[in-house]
Amino acid sequence: ARSVAESERMLEASRRTRRDLRVMENFRHYPPFALAKRLIDEGAIGEPQSQHVSVIGGVGSGWRVPARAWRWRFDPDLCGGGPCVFDHGYHIFSIARFLLGPVDEVFAWIMTTREPRTGVEIDRPALVCWKHTAPNRIGSWETVGSTDLLVPSKYYANDERVQIVGEKGIIWVNHCSGQLLSDPPVVMYRDGKTTEYHDLDWDWGSSFRLGGQAWHARLLDGAPCETSAEEGVAIMRFAEAAHRSAATGTPVRVIG
């Protein structure tokens with residue numbers, strides 16, 4: 001779907017036909033994010049206060065994608081927005097809700113730069129800030145393009161990191177699709193002690209495998225989906241609010 005309106009039509013069709021509608025949100029099945037969510041829910045860092053997401057787009061991708069397979073991402077009529085804040089951003093907005101809950105207000109700056117190798121306009125640098133529905137929870141996401149920065153990766157050459165700050169501690173998720181540094185995939189600091197989590201699967205490809213298994217469980221056993229169709233529409237509202245804010249220069253309320 002390229003808009004809230006299209007998302008709602010898909011949701012209505014699934015309800016009318018009594019069919020399951022799958023939202024393929026692999027990031028929520030990525031083991032480091034799943035661990036961070038579990039730690040937060042268990043109260044490991046106390047009441048959450050903020051989260052910050054950083055995405056640096058570089059070079060060095062090990063995932064060879066033909067140019068013809070990329071073209072649609074740079075056409076707003078086909079993609080729904082830009083490749084960074086809308087296409088990749090859907091995953092970031094999803095993780096923001098996953099970790100700290102629904103969002104009710106967004107403010108964003110979305111700029112554009114010309115990609116030197118292709119000459120295509122890219123929707124970055126960008127900064128998106130938001131306020132969660134839960135009291136005293138805020139978040140932000142910055143995305144930039146460092147086109148001469150080598151980011152080792154089996155997949156996209158993106159360095160993605162998340163920091164979640166609570167009243168008692170901090171959690172860092174240090175890897176996703178890229179492997180820029182040799183940090184542990186997840187680190188937690190609390191009570192003067194740093195805990196490193198090494199013993200988990202942090203290959204980004206595993207998020208697709210685990211997401212597929214979850215869908216099979218839904219079809220075979222009726223297990224609930226991590227990202228329901230209703231949640232998918234809510235994430236799209238978050239994404240649209242960021243773009244409306246950037247276009248108008250004003251905060252935008254998120255309904256639902």
Side-chain angles (χ1 to χ4, degrees), residues 25-56 88-108 126-144 158-202 204 206-207 210-211 224 226-228 231 234-235 237-239 241-242 245 251-254 256:
E25 183 39 80
N26 64 294
F27 275 51
R28 293 192 178 195
H29 295 278
Y30 182 54
F33 286 137
L35 173 59
K37 170 66 170 173
R38 178 170 63 81
L39 291 170
I40 293 167
D41 289 349
E42 291 174 350
I45 60 171
E47 182 65 24
Q49 299 186 85
S50 74
Q51 60 178 315
H52 176 69
V53 184
S54 170
V55 176
I56 304 173
H88 184 62
Y90 186 90
H91 300 289
I92 305 301
F93 299 136
S94 171
I95 286 300
R97 285 182 56 102
F98 178 60
L99 294 175
L100 295 191
V103 166
D104 62 18
E105 190 172 25
V106 183
F107 186 83
L127 176 63
V128 184
C129 307
W130 58 85
K131 181 170 68 71
H132 287 275
T133 304
N136 300 320
R137 291 188 186 183
I138 57 175
S140 62
W141 166 40
E142 64 179 50
T143 183
V144 299
N158 283 334
D159 181 68
E160 297 138 325
R161 297 170 184 272
V162 180
Q163 172 183 279
I164 307 102
V165 179
E167 292 179 331
K168 299 179 180 179
I170 306 171
I171 295 171
W172 294 271
V173 179
N174 295 317
H175 296 283
C176 192
S177 58
Q179 295 90 40
L180 184 64
L181 300 177
S182 58
D183 303 335
V186 178
V187 176
M188 181 175 69
Y189 175 84
R190 174 174 171 165
D191 298 331
K193 178 183 177 182
T194 299
T195 304
E196 299 180 350
Y197 296 87
H198 295 272
D199 189 21
L200 71 160
D201 182 358
W202 53 283
W204 185 59
S206 298
S207 65
L210 295 170
E226 173 52 58
T227 308
S228 67
E231 172 82 353
I235 297 166
R237 291 195 182 103
F238 189 176
S245 174
V252 172
R253 296 282 296 176
V254 182

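What you are looking at is a predicted structure, and each value in this text was computed from that prediction instead of being measured.
For the atom pair CD1 of I40 and CD of E47, the computed distance is 10.5 Å after rounding to the nearest 0.5 Å. Atoms CD1 and CG, on I56 and D159 in that order, are 5.0 Å from each other to the nearest 0.5 Å. Rounding to the nearest 0.5 Å places CH2 of W141 at 12.0 Å from SG of C129.
Defined by atom type and a distance below 3.5 Å, a donor-acceptor pair is missing between the side-chain atoms of R137 and S50. At a cut-off of 3.5 Å, with distance as the only test, no side-chain donor of S207 or H29 sits close to an acceptor on the other residue. In summary, the side chains of D201 and S206 do present a donor paired with an acceptor at a separation below 3.5 Å, with no hydrogens or angles considered.
Across all non-hydrogen atoms, the minimal contact from M188 to L39 is SD-CD1, 4.4 Å. When all heavy atoms of H132 and A96 are compared, the pair lying nearest together is CE1-O, 3.4 Å. Residue T227 comes nearest to I235 through the heavy atom pair CG2-CD1, 4.2 Å, listed as atom of the first residue, atom of the second, then distance. Taking both residues in full, the closest heavy atoms of A34 and R28 are given as CB-O, 4.4 Å, listed atom of the first, atom of the second, then distance. Heavy-atom minimum distance, A242 versus V128: CB-CG1, 4.0 Å. The two atoms that bring V165 and I45 nearest to each other are C-CD1, 4.2 Å, heavy atoms only.
Judged as a ring-ring contact (aromatic ring centres under 6.0 Å, His included), and not counting sequence neighbours, the contacts of F33 are Y30. When the side-chain hydrogen bond (donor to acceptor under 3.5 Å, both in side chains) test is applied to W202, no partner is found at least two apart in sequence or on another chain. Applying the side-chain hydrogen bond (donor to acceptor under 3.5 Å, both in side chains) test to E167 and every residue at least two apart in sequence or in another chain returns nothing. Every residue two or more places apart in sequence or in another chain that forms a side-chain hydrogen bond (donor to acceptor under 3.5 Å, both in side chains) with H88 is listed here: E160. E25 pairs by the side-chain hydrogen bond (donor to acceptor under 3.5 Å, both in side chains) definition with H91, not counting sequence neighbours.
A 4.5 Å side-chain heavy-atom check between L35 and Y197 finds at least one atom pair inside the cut-off. Looking at F93 and R237, their side chains never come closer than 4.5 Å, going by heavy atoms from C-beta outward. In this structure, the side chains of F98 and E226 come closer than 4.5 Å at one or more pairs of heavy atoms. For the pair R161 and W172, the minimum side-chain heavy-atom distance is 4.5 Å or more. Looking at heavy atoms from C-beta onward, Q163 lies in side-chain contact with I170 at the 4.5 angstrom threshold. Using a 4.5 Å heavy-atom threshold, the side chains of L200 and P32 count as touching.
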With a 3.5 Å cut-off and sequence neighbours excluded, list the donor-acceptor pairs that the side chains of residues 100-108 form with protein atoms.
| residue | atom | partner | partner atom | Å |
| --- | --- | --- | --- | --- |
| D104 | OD1 | K131 | NZ | 3.0 |
| D104 | OD2 | K131 | NZ | 3.4 |

Q: List the steps, then state whether side chain to side chain contact (heavy atoms under 4.5 Å, CB included) holds for I95 with V53.
A: CA-CA 9 Å; I95 286 300; V53 184; 5.6 Å; no

Q: Apply side chain to side chain contact (heavy atoms under 4.5 Å, CB included) to the pair N174 and V186, showing each step before the final yes or no.
A: CA-CA 6 Å; N174 295 317; V186 178; over 6 Å; no

(Q) What verdict does the side chain to side chain contact (heavy atoms under 4.5 Å, CB included) test give for T195 and V187, after you've listed the backbone C-alpha separation in whole Å, the side-chain angles of each residue and the deciding distance to 0.1 Å? (A) CA-CA 6 Å; T195 304; V187 176; over 6 Å; no

(Q) Would C176 and F27 count as a side chain to side chain contact (heavy atoms under 4.5 Å, CB included) here? Give the steps. (A) CA-CA 9 Å; C176 192; F27 275 51; 3.7 Å; yes

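Heavy atoms from other residues, nucleotides or ligands lying under 6.0 Å from CG of D41 number more than 12. Around the CG atom of D183, the shell of radius 6.0 Å holds more than 12 heavy atoms that belong to other residues, nucleotides or ligands.
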